[in-house]
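Read the structure below first, then the notes.
Bear in mind that the values here come from a model prediction, so they are computed numbers and not experimental data.
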Amino acid sequence: MNLIRSISSDFKEKFESRPHLFVAPGRINLIGEHTDYNEGFVMPAAIDMGMAFAIAPSGSDKCNIYAADFKEGVTFSINDLNPGEVWVNYLMGVLDAFLRRGLPVKAVDCVFGGNIPSGSGLSSSAALCAGFGFALNEIFGFGLNRLEIAKIAQRSERHFAGANVGIMDPYASLFGKKESVFLLDCRSLTHEYISFHFPEYEILLIDSHVKHSLALSAYNDRRAACEEGVRIIQKQNPEVRSLRDVSRALLYQHQDQLGEDIFIKCLYVVEEIDRTQLAALLLQSSDLKGFGGLMYETHWGLSQAYEVSCEELDLLVSIAEEGRGDVIGSRMMWGGFGGCTINLVRKEKEEMFKEKVRQKYFTTFKKEPGFYLVNLSEGAHSIPVVNHHN
C-alpha cells in the first residue's frame, strides 16, 4: 500500500486531474521452465511485489508519463509511437496494440513505479505492460478480457522492446489468485487454479545478484535447438507440432538423427512437461514434499542437460539440498545464467538457512545474496481511490 500512496501523491504533484489507481503483480514460476515456447505446461503464480499505476486521460493527444523509480518523465504524442530500447517503449507498445485492434485509446497522464527487484527474473516488464494494458482497458471501457490484455502486453514486449517473450509472464500478472498457483497450458492458453496453502512453509527467493550476458543468446540457441528437434521428428511424424507432442519413446527413436546436443536439450523439455503435470497432481493431493523433489530434479535438468544455469545458482541449490529436510524444494527460476532460486523452506528454519547461504555464498563469490519472502497474490486489479486521499 505504501507503493500506491507514493505513486498517488506523485501524480497529485504533477497533474490536475484525479487518477485511477491500479496494481499489477510480478510473478514466480514454481515449475515448468523453458516449456512455454514448446507449447507445454508451466506453473506460475502472481506475487505481492509489483507495479502500481496512477492514471487519467490527459485531455490532449499528448501522453505524459513519469517513471517514479527512475525519477524521469517523458511526453510523446499518441500519434507518434515508435519501437526502441528505453522503458517508455513498453508503454508505447501497449498503446500501439490497442490502436491496431481499432480501439480508440486516448492519451493519458500516468505515474508508475514498482517494488520488484531489478534483474531478479520476477518479470517487472510484464507487470508494467500488463498493468498499463489493464488500466487503459478499464478507464476507457473497452471490455477486453484478461487473455486479450495478456496478448497485448506480450506483443508490446516483442514488437516495441525487442524481447522475444512467451505469454506466461503477462498471463500470470493478470490471472493470479491469492494462495493459488495455476497450471497453464501454453498451447490452449487455458489454466486451472491449484490451492497453495501450506502455512508451515515459506516461499523464499534468493537473488544471486548475477546476470550473465550469455542469457539472451543462450535462450535463442535453446529455442532453436528445440525447433530443429521438432523439424527432424516431423519428417516421419507429421502430426508433431511441438515438443508437447513428443513422448520420451518417440524422442529416443530419433536419437541418432537428432545428434547428441539437440537430443539432450529436447529430452530435458519432454521430461519437464511431464514433470510439471505430475507436480500439479502432487499439489492437488497436498504432497508438498513430492512436489519439492520435482523442483530439485528440474534444477539439475536445467543445469546439466539444458545448460542454462551458472555456478552461483548451482551453489545456492546445493546448499538447499544439504538441508533437504527443511528446504524441501529449490531450483533456479527464470531463463538462466543468473537471477533467483526459488526455495520452499520450513518457516522456523528460514533464518538459519539464510545465514548458512549468506556465509557460503560470500565465502565463494565475495558477494551478498538477496532474500525476498513472497506471498501469492491477486492478479492485476484496481484500487479504490477514496482510501488514499486525505
- Short side-chain donor-acceptor distance under 3.5 Å, Thr190 and Asp185: no

Expected list for residues 198-206: side-chain donor-acceptor pairs under 3.5 angstrom, two or more places apart:
unit_1, atom_1, unit_2, atom_2, d
Tyr201, OH, Arg346, NH1, 3.4
Tyr201, OH, Arg346, NH2, 3.0

- Message: Quick one about Glu272 and Gln277 (side-chain donor to acceptor, distance below 3.5 Å, no hydrogens or angles considered), yes or no?
- Response: no

- Taking all non-hydrogen atoms of both residues into account, name the closest pair between Arg27 and Pro44 and its distance. CD-CB, 4.5 Å

- Item | Test item: side-chain donor near acceptor, Gln253 and Gln236, under 3.5 Å | no

- Message: A side-chain contact here means heavy atoms from C-beta on lying under 4.5 Å apart; do Ser309 and His299 qualify?
- Response: yes

- Under 3.5 Å, is there a donor-acceptor pair linking the side chains of Glu138 and Ser382? no

- Aromatic rings Phe11 and Phe15: how do their planes relate, parallel, tilted or perpendicular, breaks at 30° and 60°? tilted

- Task: Check each of Asp36, Leu30, Asp169 against Val42 using the side chain to side chain contact (heavy atoms under 4.5 Å, CB included) test, and report the only one that passes.
- Result: Asp36

- Query: CD of Glu348: more than 12 outside heavy atoms within 6.0 angstrom?
  - Reply: yes

- Message: Is it true that Arg275 and Thr298 share a donor-acceptor pair across their side chains at a distance under 3.5 Å?
- Response: yes

- Message: Do the side chains of Arg358 and Glu351 get close enough for a salt bridge, i.e. N-O under 4.0 angstrom?
- Response: no

- Query: Taking side chain as C-beta onward, heavy atoms only, is Ile47 less than 4.5 Å from Asn375?
  - Reply: no

- Identified side chain to side chain donor-acceptor pair (under 3.5 Å) counterpart of Lys265 within the set Glu307, Glu228, Glu260: Glu307

- Message: For a quick check under 3.5 Å, do Thr35 and Asn38 share a side-chain donor-acceptor pair by atom type?
- Response: no

- Is the gap between the ring centers of His254 and Tyr252 under 6.0 Å? no

- What's the shortest heavy-atom distance between Gly370 and His209, and which atoms? N-NE2, 3.4 Å

- Message: Using every non-hydrogen atom in the two residues, find where Asp245 and Val240 come nearest and quote the distance to one decimal.
- Response: OD2-C, 3.8 Å

- Ring geometry between Tyr268 and Tyr306 (parallel below 30°, tilted from 30 to 60°, perpendicular above 60°): tilted

- Message: Around atom NZ of Lys14, are there more than 12 heavy atoms from other residues, nucleotides or ligands closer than 6.0 Å?
- Response: yes

- Task: Please determine which of Asp221, Val269, Ile262 meets the side chain to side chain contact (heavy atoms under 4.5 Å, CB included) test together with Cys226.
- Result: Val269

Side chains of residues 96-113: which donor-acceptor partners sit under 3.5 Å, not counting sequence neighbours?
unit_1, atom_1, unit_2, atom_2, d
Asp96, OD1, Arg100, NE, 3.4
Asp96, OD2, Arg100, NE, 2.8
Asp96, OD2, Arg155, NH1, 3.1
Asp109, OD1, Asn64, ND2, 2.8

- Message: side-chain hydrogen bond (donor to acceptor under 3.5 Å, both in side chains) for Tyr66 and Asp10? Distances and angles first, verdict last.
- Response: CA-CA 9 Å; Tyr66 181 74; Asp10 279 354; 5.4 Å; no

- Message: Quiz question: by atom type and distance under 3.5 Å, do the side chains of Glu33 and Trp334 form a donor-acceptor pair?
- Response: no

- Query: Counting only heavy atoms not in Lys366, do more than 12 sit closer than 6.0 Å to its NZ atom?
  - Reply: yes

- Give the ring-plane orientation class for Tyr219 versus His34, where under 30° counts as parallel, over 60° as perpendicular and anything between as tilted. tilted

- Query: How are the rings of Tyr171 and Phe182 set to each other: parallel, tilted or perpendicular (split at 30° and 60°)?
  - Reply: tilted

- Query: Any side-chain donor paired with an acceptor under 3.5 Å for Glu312 and Ser208?
  - Reply: no

